[in-house]
Amino acid sequence: MKHQLKWLLSLALVLTLALSFLPGKVQAEDEKLAGEISVQAEEGWMDYYEAAAKRVSDKYPDVKITLIEVGAFDHLDTLDQTDASNPDVADLFAIPADRLYGLTDSETLAAIDSEKLVKEIGGWEDFESFNKGIGGNFKIEDEYFAFPFNIETLINFVNTKNAKEAEIDLEKPIELSEVKDAKTVLLPIFDAWYGVATTNSADVELLGKDSEEEGKFFTDLSQDWADLPKEKQELFTALYDYWKLNADAETTLFDPDAGWGYIDDTFASGKGGVILLGGPWDSAKFAGLADDGKDLMIRPIDQLTINGKPLKHWQGGWGLAINSRIEDDPAKMAIAEKMIEEIVNPEYAVDLFKASGKILENVKPETYTESEDLEQIDKDTILAVIESYKAAPARPLFSEWGQVWDTWKNAVLSWNSVKPESAEAAYKEIQASFTSMMDNIK
């Protein structure tokens with residue numbers, strides 16, 4: 001027995017010594033991590049990122065993190081024009097969720113141990129809840145290629161002064177099909193980014209994949225009008241009536257160039273615009289149009305309904321991705337993961353929002369609403385995003401969905417020239433466009 005014990009102790013010593021020479025994760029565990037990585041950060045994020053990097057280097061003195069100050073989209077442009085080996089491309093960088101598939105197809109991203117990070121960072125109930133949120137959007141087959149940076153979806157901005165003058169009760173939702181004044185609702189449905197908020201309300205699938213038929217693509221909009229379910233017919237009736245309301249009033253809302261200026265001008269206090277959809281990043285702009293925020297109310301997306309059904313946008317957001325060029329270097333991968341942990345550290349959620357406008361999925365709303373460091377407009381924006389996000393479906397991320405943008409836009413804008421006499425005639429323009437799109441996808 002004693003001989004067996006001695007043998008086991010000797011074996012344990014040998015294993016310990018062997019493991020001490022392994023790089024990467026073992027080094028991170030015993031806090032002997034060493035190495036250098038680069039991290040992309042936008043101009044406004046720099047102070048926050050510098051503080052996050054310092055927290056990592058304070059714990060691991062032999063770690064160096066170099067920040068590359070560049071806009072996220074500019075950084076992605078550089079990546080698209082070159083490749084992952086370009087030194088101007090960072091080892092760790094932010095990506096919008098819809099870029100995930102394209103970047104993995106080009107083998108630009110390294111797989112991330114999200115389950116480990118979830119345990120280290122905290123805030124999610126469990127890994128299943130992580131997967132049900134935006135975390136699941138970054139999973140391809142059995143691997144994760146980005147870690148959640150923030151959540152985002154569209155919300156409503158309301159001009160209370162204009163609503164009062166129009167005698168609109170803001171204690172209940174505004175119903176699009178009941179609007180009589182074209183200025184009341186400023187909704188550029190020709191742009192699919194906003195249009196999907198209407199189609200999602202009636203569960204219209206613009207382009208989907210049939211999981212039971214080996215990923216075969218389909219769209220609800222290739223069906224004949226007579227075959228559309230009643231709720232979908234009612235949706236397109238409401239959209240047609242809204243277009244005709246604007247056409248008869250000779251507004252420029254459905255002008256793809258002039259429409260955006262029309263929205264801003266009409267939303268201003270005293271100009272009649274009551275409600276519009278926008279992103280949380282638009283809060284400051286619309287506050288400026290609404291008498292420096294005095295006339296501004298920020299509401300969740302369900303403040304606007306179509307045929308009694310609330311609008312629903314997508315569960316969108318950004319992720320933090322690791323450059324594939326370091327995936328074979330365990331130490332650098334470990335440093336990148338440590339930096340991710342500090343960037344989305346729930347303890348600094350308010351600081352992150354102030355620096356970048358990013359809202360963390362793994363943080364309770366009270367963290368923001370009870371903070372003394374945030375303005376009320378920020379708190380209202382955050383709450384509206386969180387509530388709207390919970391009701392939103394997951395955003396389609398497969399690259400083929402990119403064909404929907406122009407297909408939808410061209411179809412809806414065709415109404416300006418075709419001047420359909422009915423909702424059914426208007427729908428036929430959409431059906432023709434989507435049928436053609438499906439022919440190309442097949």
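All values reported here derive from a predicted model rather than from experimental measurement.
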- Query: How far apart are the C-alpha atoms of K312 and D203, what are their side-chain angles, what is the distance that settles it, and do they pass the salt bridge (charged side-chain N to carboxylate O under 4.0 Å, His left out) test?
  - Reply: CA-CA 9 Å; K312 294 187 294 184; D203 296 323; 3.5 Å; yes
- Message: side-chain contact (heavy atoms from CB on, under 4.5 Å) for N86 and L79? Distances and angles first, verdict last.
- Response: CA-CA 8 Å; N86 186 341; L79 181 55; over 6 Å; no
- Message: Walk me through whether I298 and V158 qualify under side-chain contact (heavy atoms from CB on, under 4.5 Å).
- Response: CA-CA 6 Å; I298 299 175; V158 179; over 6 Å; no
- K285 vs D264, salt bridge (charged side-chain N to carboxylate O under 4.0 Å, His left out): CA-CA, chis, key distance, verdict: CA-CA 9 Å; K285 181 178 94 169; D264 290 351; 3.4 Å; yes
- Task: Would you please test L360 and N150 for side-chain contact (heavy atoms from CB on, under 4.5 Å) and show each step?
- Result: CA-CA 5 Å; L360 294 180; N150 79 316; 5.6 Å; no
- Message: Assess the residue pair D91 and E36 against the criterion (side-chain contact (heavy atoms from CB on, under 4.5 Å)); give the C-alpha distance rounded to whole Å, side-chain angles, the decisive distance to 0.1 Å, and a yes or no.
- Response: CA-CA 10 Å; D91 296 315; E36 179 178 357; over 6 Å; no
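By the 4.5 Å heavy-atom criterion applied to side chains, L311 and D302 are not counted as neighbours. Side-chain contact between L277 and I301: present, with at least one pair of heavy atoms (C-beta onward) separated by less than 4.5 Å. No side-chain heavy atom of L221 sits under 4.5 Å from any side-chain heavy atom of Q431. At least one side-chain heavy atom of D113 sits less than 4.5 Å from a side-chain heavy atom of E337. Counting heavy atoms from C-beta on, the side chains of D282 and L276 never come closer than 4.5 Å. No side-chain heavy atom of F138 sits less than 4.5 Å from a side-chain heavy atom of N131. Two residues are said to be in side-chain contact when any heavy atoms from C-beta on lie closer than 4.5 Å; S177 and T237 fail this criterion. At a threshold of 4.5 Å between non-hydrogen side-chain atoms, the residues K116 and K119 do not count as touching.
Remark: side-chain polar atoms of S433 are paired, donor with acceptor, to backbone N or O of E429 under 3.5 angstrom. In this structure, the side chain of D220 engages the main chain of E205 through a donor-acceptor pair within 3.5 Å. For the pair S436 (side chain) and A432 (backbone), a donor-acceptor distance under 3.5 Å is absent. With hydrogens and angles disregarded, a donor-acceptor distance shorter than 3.5 Å links the side chain of E361 to the backbone of I134. The backbone N or O of V196 sits less than 3.5 Å from a side-chain atom of N200, completing a donor-acceptor pair. Of the possible donor and acceptor atoms, one in the side chain of E175 sits under 3.5 Å from a partner among the backbone N and O of G308. For S201 (side chain) and T198 (main-chain N/O), a donor-acceptor pair under 3.5 Å exists by modelled atom type. No donor-acceptor pair closer than 3.5 Å links the side chain of T153 to the backbone N or O of G316. Within the 3.5 Å criterion, the main-chain N or O of L206 finds a donor-acceptor partner in the side chain of T219. Judged by distance alone, with hydrogens and angles left aside, the side-chain atoms of S324 form a donor-acceptor pair with the main-chain N or O of T108 at under 3.5 Å.
Atoms CD and CG, from E152 and L154 in turn, are 9.0 Å apart once rounded to the nearest 0.5 Å. How far CD of E50 is from OG of S57: 11.0 Å, rounded to the nearest 0.5 Å. Taken from CD1 in I382 to CZ in F353, the straight-line distance is 4.0 Å, to the nearest 0.5 Å. For the atom pair K216 NZ and F218 CZ, the distance stands at 11.0 Å (nearest 0.5 Å). With rounding to the nearest 0.5 angstrom, the CE atom of M46 is 4.5 Å from the CD atom of E69. Here the CD atom belonging to E370 is positioned 13.0 Å from the CG atom belonging to D373, to the nearest 0.5 angstrom.
Within the structure, the side chain to side chain donor-acceptor pair (under 3.5 Å) test picks out the following pairs touching residues 395-413 (sequence neighbours left out): D98-R395.
Taking the centre of each ring, Y348 and Y48 stay at or above the 6.0 Å mark. With ring centers used as reference points, W260 lies under 6.0 Å from F190. Residues F149 and W45 bring their aromatic ring centres within 6.0 Å. Ring centroid separation for the pair W318 and F73 comes in under the 6.0 Å cut-off. Annotation: Y144 is in aromatic contact with F127 [ring centroid separation under 6.0 Å].
The aromatic rings of F267 and F286 sit perpendicular to each other, their planes meeting at more than 60°, with 30° as the lower class boundary. Relative ring orientation between F93 and H75 is described as tilted, the plane-to-plane angle lying within the 30° to 60° band.
Qualifying ring-ring contact (aromatic ring centres under 6.0 Å, His included) partners for F236, counting only residues two or more places apart in sequence or in other chains: Y427.
Taking every heavy atom of both residues into account, A202 and E231 meet most closely at CB-O, 4.1 Å. Taking both residues in full, the closest heavy atoms of G273 and L186 are given as CA-CD1, 4.0 Å, listed atom of the first, atom of the second, then distance. Counting all heavy atoms, side chain and backbone alike, P87 lies closest to I68 at O-CD1, 4.2 Å. Of all heavy-atom pairs spanning I326 and A336, the tightest one is CD1-CB, 4.4 Å. Of all the heavy atoms in V70 and Q40, the pair that sits closest is O-NE2, 3.1 Å. Pairing each heavy atom of T381 with each of I377, the nearest pair is OG1-O, 2.8 Å.
For K379, the NZ atom is densely surrounded, since the number of other residues' heavy atoms within 6.0 Å is greater than 12. Within a 6.0 Å sphere centred on CD of Q376, other residues, nucleotides and ligands contribute more than 12 heavy atoms. Within 6.0 Å of CD on E366 lie more than 12 heavy atoms contributed by other residues, nucleotides or ligands. Atom CD of E107 has 12 or fewer neighbouring heavy atoms from other residues, nucleotides or ligands inside a 6.0 Å radius. Within 6.0 Å of atom CD in E375, 12 or fewer heavy atoms from other residues, nucleotides or ligands are found, so the atom counts as exposed in its surroundings.
The existence of a salt bridge linking E128 and K132 is confirmed by a sub-4.0 Å separation between a basic side-chain nitrogen and an acidic carboxylate oxygen.
When each of I37, D328, I322 is tested with M333 by the rule side-chain contact (heavy atoms from CB on, under 4.5 Å), just one qualifies, namely I322. Just one residue in the list L235, I189, I275, V185 forms a side-chain contact (heavy atoms from CB on, under 4.5 Å) with L176, and that residue is V185.
Relative to the ring axis of Y60, R55 does not place its NZ or CZ within 45° and under 6.0 Å from the centre.
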